[in-house]
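Here is the structure we will look at.
The basis for the numbers below is simple: all heavy atoms, side chains too, and nothing from hydrogens, waters or symmetry mates.
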Amino acid sequence: MTTLQSYIAGRWLGTQAAQPLRSAVNGRPVASTHAEAIDFGEALDHARRVGLPALMALDFQQRAERLKALAKYLAAQKETLYAIAAHTGATRTDSWIDIEGGAGTLAAYAGIGTNELPSGNLVHEGPAFPLGKKGGFAGTHILVPRGGVAVHVNAFNFPVWGLLEKFAPSFLAGMPCIGKPATATSFVTEALMRLITQSGILPEGSLQLVIGSTGDLLDRLLEPDVVTFTGSADTAAKLRVHPNLVARAIPFNAEADSLNCAILAPDVTPEDEEFDLFVKEVAREMTIKAGQKCTAIRRAIVPRRHLDAVAERLRARLAKTVIGDPAREDVRMGALASHAQQADVAARVATLLQGAELVYGERDGFAPLGDGVAEGAFFAPTLLLSRDPLAHDAAHDVEAFGPVSTLMPYEGIDEALALAARGRGSLVGTLVTRDPAVAAKAIPAAAAWHGRLLVLDREAAAESTGHGSPLPQLKHGGPGRAGGGEELGGLRAVKHYLQRAAVQGSPTMLAAIAREHVRGAAVRESEVHPFRRHFEDLQIGDSLLTHRRTVGEADIVAFGGISGDYFYMHFDEVAARQSPFGKRIAHGYFVLSAAAGLFVSPSPGPVLANYGLDTLRFVKPVGIGDTIRARLTCKRKIDRNRRDASGQGQGVVAWDVEVTNQDGELVASYDILTLVAKKPETTT
């Protein structure tokens, strides 16, 4: 039997066996935790002294490249993890969510880093705004790495994804991590960590692994550190008030199990496609990972008049679920993750049955398939019915963390929403409806008690990722019982690990700090057009003030003919005079085009392509006879550390454009995004 090891301070720790861990499928020993105590002072020192400088030697873009490389590496090594994960009772479909979902989350955050974060290690949350009347004093916000360590405590149900979905944004933000998986399935996380260390992709000290107890780790944390937790609401409540976390105001983020619900709206009938979608979603959430998901549907809320029909179809679908050893190709649901979990679910079902009745369960032919499964941690899909859910609290308070769900009838959508809120905060809820008016009424009310909401109908069903699937781009977390925290959500998760600060000063100073041009800051003009400079030679603040152009009636007529835009404000003298502008005005997009004609350098050069505009605003109308000019300023540079197919290096440059009239008044404002070539590499 293998003794699992922790990865602490750059070495594997543990040779003496301690707690045995049994296969959830057949009860045989798989591995054991190690008996050696971890020196968490050493672990934190290693993270601060080795990991943090190594991460700060890279910038956002470079760390994103490491995440991308790690995602590819783990995807190539996935079969190693699949083989080990089978001992958790997970089918291949279950493990796909965990293993390939974990690698996919790394890839998603690599893309977020590449596309949404700058070069360097500072994010400017602009725009800056004036704080004085003369333009010499302004304010803005910046985000910088916290300079601390992230401690991630994870649940047993996702030993791969659980570690990686927390690690990805914290690594991107420049925080070294210490990950602590739940003991029951830690043999999978240890195998993952061995693959990560073997890859050599991550800087040393950026990720450490704890097998077993966290000991005095939380006692040793400092103000710049962060703690995140996934698990039971009870444990989250205890950790939240840990004396050291409270005394040092250390950020604590909890994602806790919750009594999530699915509501079948009153407009759906048994003849509708949506009715079967509801039944399918509830049954799937009961059986995927044997119901061991913090997002699983625990309460199925249905119109009272359709209660019998829903129960009948759910019984029929659950009866077709083949349960047993995940190694068998015909098995669709495996075991619970541990024998302790099996006992816990049984005890909680017994509590629920005090106020409910059994619709489907062990009595209905439960017989897991496979050799040795009698010693496994299997549990029958269990469907309960609470006929008076407003009068019984257990179904809204007690969560059986397994293949268990409770049917609840309601009268009217308001009562359904009241039942949903009885969960006191949930990670996710689903509304199955055909009627947009029902969704428009129900979702805003449900949003106060849910972190994520899925509206499911036949149109969405073809591409829906399902009730229980957190996505990297969307927030994961919920209010109240669900922990009150947030994970994932794209760039939001990265910002959780950064420190926000307000900065005040002159525009010139703010531009220097933010590494981004701020309106009103000093600019540099030269005889060399900014578009003629390679990426390396461009500096923030390089600027061009163009020559002037007077707009004539012929310009408006010609642009209308080319574009097909004959809006009255451009062509009807009488109507335009009666408008708020009091005169005919030029097309906004003509002003945009004319400005480009003023500042574009036409001959081939380092600027390779224009691929978009941001923050476009038409501030003031341009009339016939007005004279415009443009100021083009290098606003922001992002070095993505990549080359095109020909080997040409390139980066992204954002240009600030201000178009003004003859009175110096701003008429249009926007950012242009361009791809700019680097200098050709020379060979010696």
Side-chain angles (χ1 to χ4, degrees), residues 88 90-91 93-102 104-105 154-166 182 185 228-233 236 253-263 277-278 280-301 333 336-337 341 345 348 381 395-396 398-406 420 423-432 443 446-447 449-456 460 464-489 493:
T88 68
T91 66
T93 299
D94 297 337
S95 290
W96 179 87
I97 301 169
D98 188 33
I99 295 168
E100 297 188 51
T105 299
N154 289 305
F156 67 83
N157 49 342
F158 288 101
V160 175
W161 177 85
L163 180 78
L164 297 180
E165 64 94 8
K166 289 181 172 66
T185 55
T228 69
F229 170 80
T230 297
S232 73
N253 189 83
E255 184 261 292
D257 308 334
S258 58
L259 289 155
N260 312 293
C261 71
I263 300 173
L277 289 174
F278 177 85
K280 180 181 178 181
E281 199 71 20
V282 173
R284 179 169 64 178
E285 289 299 312
M286 288 178 67
T287 55
I288 290 289
K289 288 194 72 70
Q292 298 170 112
K293 296 197 300 179
C294 53
T295 52
I297 296 171
R298 305 300 178 197
R299 299 175 298 152
I301 303 172
M333 182 180 126
L336 298 179
Q341 188 65 18
V345 173
R348 291 174 183 266
H396 307 295
V398 177
E399 181 181 24
F401 202 74
V404 182
S405 190
T406 301
R424 296 179 293 115
S426 299
L427 294 171
V428 57
T430 287
L431 174 69
V432 179
I443 293 301
W449 289 100
H450 294 80
R452 176 169 59 88
L453 290 160
L454 166 65
V455 182
L456 187 61
S464 172
T465 52
H467 166 99
S469 299
L471 298 173
Q473 301 88 344
L474 292 175
K475 174 201 136 177
H476 180 48
R481 179 190 172 112
E486 293 187 5
E487 295 181 342
L488 300 177

- prompt: Is there a side-chain contact (heavy atoms from CB on, under 4.5 Å) between R348 and F401 once you walk through the steps?
  reply: CA-CA 9 Å; R348 291 174 183 266; F401 202 74; over 6 Å; no

Minimum heavy-atom distance S258-R481, with the two atoms named: CA-NE, 4.0 Å

message: Minimum heavy-atom separation for L336 and P403, please, with both atom names.
response: CD2-CD, 3.9 Å

- request: Consider only side-chain N and O atoms of N154 and K166, and report whether a donor and an acceptor are under 3.5 Å apart.
  value: yes

- request: State, with a plain yes or no, whether a side-chain heavy atom of L431 is found less than 4.5 Å away from one of L453.
  value: no

task: For the pair T105 (side chain) and P472 (backbone), establish whether a donor and an acceptor sit closer than 3.5 Å, ignoring hydrogens and angles.
output: no

message: Using a 3.5 Å distance criterion without hydrogens, assess whether the side chain of D257 forms a donor-acceptor pair with backbone atoms of C294.
response: no

- prompt: What are the two closest non-hydrogen atoms of A420 and H450, and how far apart are they?
  reply: CB-CE1, 4.1 Å

message: Checking the side chain of S405 only, and the main-chain atoms of M286 only, is there a donor and an acceptor separated by less than 3.5 Å?
response: no

message: Is it the case that the side chain of H467 and the backbone of T295 share a donor-acceptor pair, with hydrogens and angles ignored and the cut-off at 3.5 Å?
response: yes

- request: Assess whether atom NZ of K475 is packed by more than 12 heavy atoms of other residues, nucleotides or ligands within 6.0 Å.
  value: yes

field: Donor-acceptor under 3.5 Å (T91 side chain, D94 main chain)
entry: yes

- request: Mark yes or no for whether T287, through its side chain, and A283, through its backbone, hold a donor-acceptor pair below 3.5 Å.
  value: yes

message: Is any side-chain heavy atom of I297 closer than 4.5 Å to one of N260?
response: no

task: Could you tell me whether the side chain of R299 reaches within less than 4.5 Å of the side chain of S426, counting heavy atoms only?
output: yes

Min side-chain heavy-atom separation L488-L471 under 4.5 Å: no

- prompt: Can you list the residues that meet the side-chain contact (heavy atoms from CB on, under 4.5 Å) rule with N253, with sequence neighbours excluded?
  reply: T228, E487, H496

task: Examine distances only and state if a side-chain atom of T430 and a backbone atom of A262 form a donor-acceptor pair shorter than 3.5 Å.
output: no

query: E255 side chain to L427 main-chain N or O, any donor-acceptor pair under 3.5 Å?
result: no

field: side-chain contact (heavy atoms from CB on, under 4.5 Å) between F158 and T230, intermediate numbers included
entry: CA-CA 10 Å; F158 288 101; T230 297; over 6 Å; no

task: Considering non-hydrogen atoms only, spot the tightest contact between L456 and E281 and give its length.
output: CD2-OE1, 4.0 Å

- request: Of all the heavy-atom pairs spanning T185 and A337, show the shortest one and how long it is.
  value: CG2-CB, 4.1 Å

